[in-house]
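For the single chain, residues carry numbers from 1 onward in sequence order. We count ligands from 1, going down the list as the structure has it; atoms in each ligand are counted the same way.
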Amino acid sequence: MAASTTAKACRSPTPGTQNPATSLKHESPAVSDALVVFGASGDLAHKKIFPALFALHQRGELSVPVIGVASSDWSNAQFRERAQASLDEAHVGGTQTEQQDFLAQLHYVSGDYKQSATFEALRGALLKEGRAAKRPAHYLAIPPSLFPTVIRGLGAAGLADDARVIVEKPFGRDLASAQELNAVALEVFPEDAIFRIDHFLAKEAIMNLLYFRFANTFLEPLWNRKYVSSVQITLAEDFGIKGRGGFYESAGCLRDVVQNHLLQIVALLAMEAPGNRSTAAVNAEKFQVLNAMRPLTPDNLVRGQYEGYRDEEKVAPDSDVETYCALRLFIDSWRWAGVPWFVRSGKCLPTTACEVLVRLECPPVQLFDHASSAGGIAADAAVAGSAGNYLRLRLSPRSLIALAARVKTPGKSYSGEQKEMVLADEHTEEQSAYERLLSDAMAGDPSLFAHEDAVEAAWRVVEPVLENHGPALAYAPGSWGPAAADALTAGHGGWHNPET
Ligand code: NDP
């Protein structure tokens, strides 16, 4: 039977955006014809990049040469041995032929990034007989202090023409350095050729935040200051700094995960619906959220440091670097004015998980008793501010969406408890974030990368507390961080601790 002519059909926002492509809409620029990996002998390349490139190769999505550039004095054969070790350690599987074919794509240039001869040697490798790459993608998996050196080196050697640059995190260590780095990058590359990595943005569960919010109608009426009482995001790790003391001492939790990953999650959760699916439209709405976010003040931040951190290698014995931080944010927008956003992350916490909890206001009149609540979040029900329904979005390790509603417990009395309706992600084989990011950058698709405006707006939020803050308070490994953080969520149901 034909649908009633009065019924409203689901429709695309604007003509021309109906294409059901998997990524956000963008033009189709030329695909890069080589991938240059600066930092090819480093830790990130070893742990993540070679396995990701091999997975792309297996799917037939990487047929271009991959040229590693680093200072280790290696031959091609030694470079390939190192890559083989990386594949072995990651247990990537695949046949021996597949692995050999992949390794044959790898080439190596040894040299110091501070020397122009290194870039000349790279040019030689790109143009070498049979390759003649003209549109390379340069991926900078190198110490951040060298980002400007390499970008300028590429420009001076004429290797930036028709090329792309993919910049690892962190993009700056404060607002001024981010602006400076943006300026250097824009001297050499146009904005649409600059790909700033925030690998969180390419995780399936994070991509699903955008989809879940704007592919469903039921959320929108609730998704505002009238019905949402608070939002919490916890990014917990049950391990320490894993020997990366040198890196962590110059970063700390706020710079390492809050300014980038966690503020991006807030932006996705808080943004208005974009006018269409283009990257520009989505980025513009995310930027508006960050722009409306109140810059942090020291009383809205609690910093912590796990006991034993100062004994780690390359950590100062009197280090005040935070391995934990908890913050209270406010977004001064029409939709979110007055709603606190609690964000927390830490190392050596009881579990490894990332979870969002959106608490809804209680019904305006309380007809029933909440006393029989039990278990999990429902057990908080007696705590002020937590008796309302909630939406729980588990982002990792496994993606899950749970909507909690109160249901009556059988019996004479009208009391009940929160029960979750759960949508669990059944997909077990997820493409790794780096596979997605590297293949997107080579294809010129910017949708999963951070835009200059958003990066700077996020720095503006954390800038006031980068230096001006309370001391990092000691907490026991395996605990949920310093008790002082509880004051932030007091009156809002307390912190919700994701279960293992
Ligand atoms: P490493 O210190 O392990 O590697 C640095 C790389 O840069 C090495 O290949 C090194 O070459 C090369 N290098 C350094 N200085 C020079 C120079 N002057 N000339 C030529 N080559 C040079 O760093 P990571 O791999 O840990 O990190 C790289 C980037 O990735 C950083 O921006 C980091 O923030 C980011 N990152 C890292 C993660 C990780 O888990 N490691 C996670 C997320 C992001 P050689 O060793 O041959 O001297």
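- Within the structure, the side chain to side chain donor-acceptor pair (under 3.5 Å) test picks out the following pairs touching residues 58-75 (sequence neighbours left out): Gln58-Glu98, Arg59-Glu61, Arg59-Glu435, Ser75-Gln78.
- Under the salt bridge (charged side-chain N to carboxylate O under 4.0 Å, His left out) criterion, Glu249 pairs with no residue at all, not counting sequence neighbours.
- Among protein residues, Gly39, Ala40, Ser41, Gly42, Asp43, Leu44, Lys47, Ala70, Ser71, Ser72, Gly111, Asp112, Tyr113, Ala141, Ile142, Pro143, Pro144, Leu146, Phe147, Glu168, Lys169, Pro170, Arg244 come within 4.0 Å of ligand 1, judged on heavy atoms.
- Both tests do not hold together for Arg328 against Phe342: distance to the six-membered ring centre under 6.0 Å, angle to the ring axis within 45°.
- The aromatic rings of Phe54 and His57 sit parallel, their planes meeting at an angle under 30°, below the 60° perpendicular limit.
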N/O donor to acceptor pairs below 3.5 angstrom from side-chain atoms of residues 145-156, sequence neighbours left out:
none

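- In terms of modelled atom types and a separation under 3.5 Å, the side chain of Ser345 and the main chain of Leu235 share a donor-acceptor contact.
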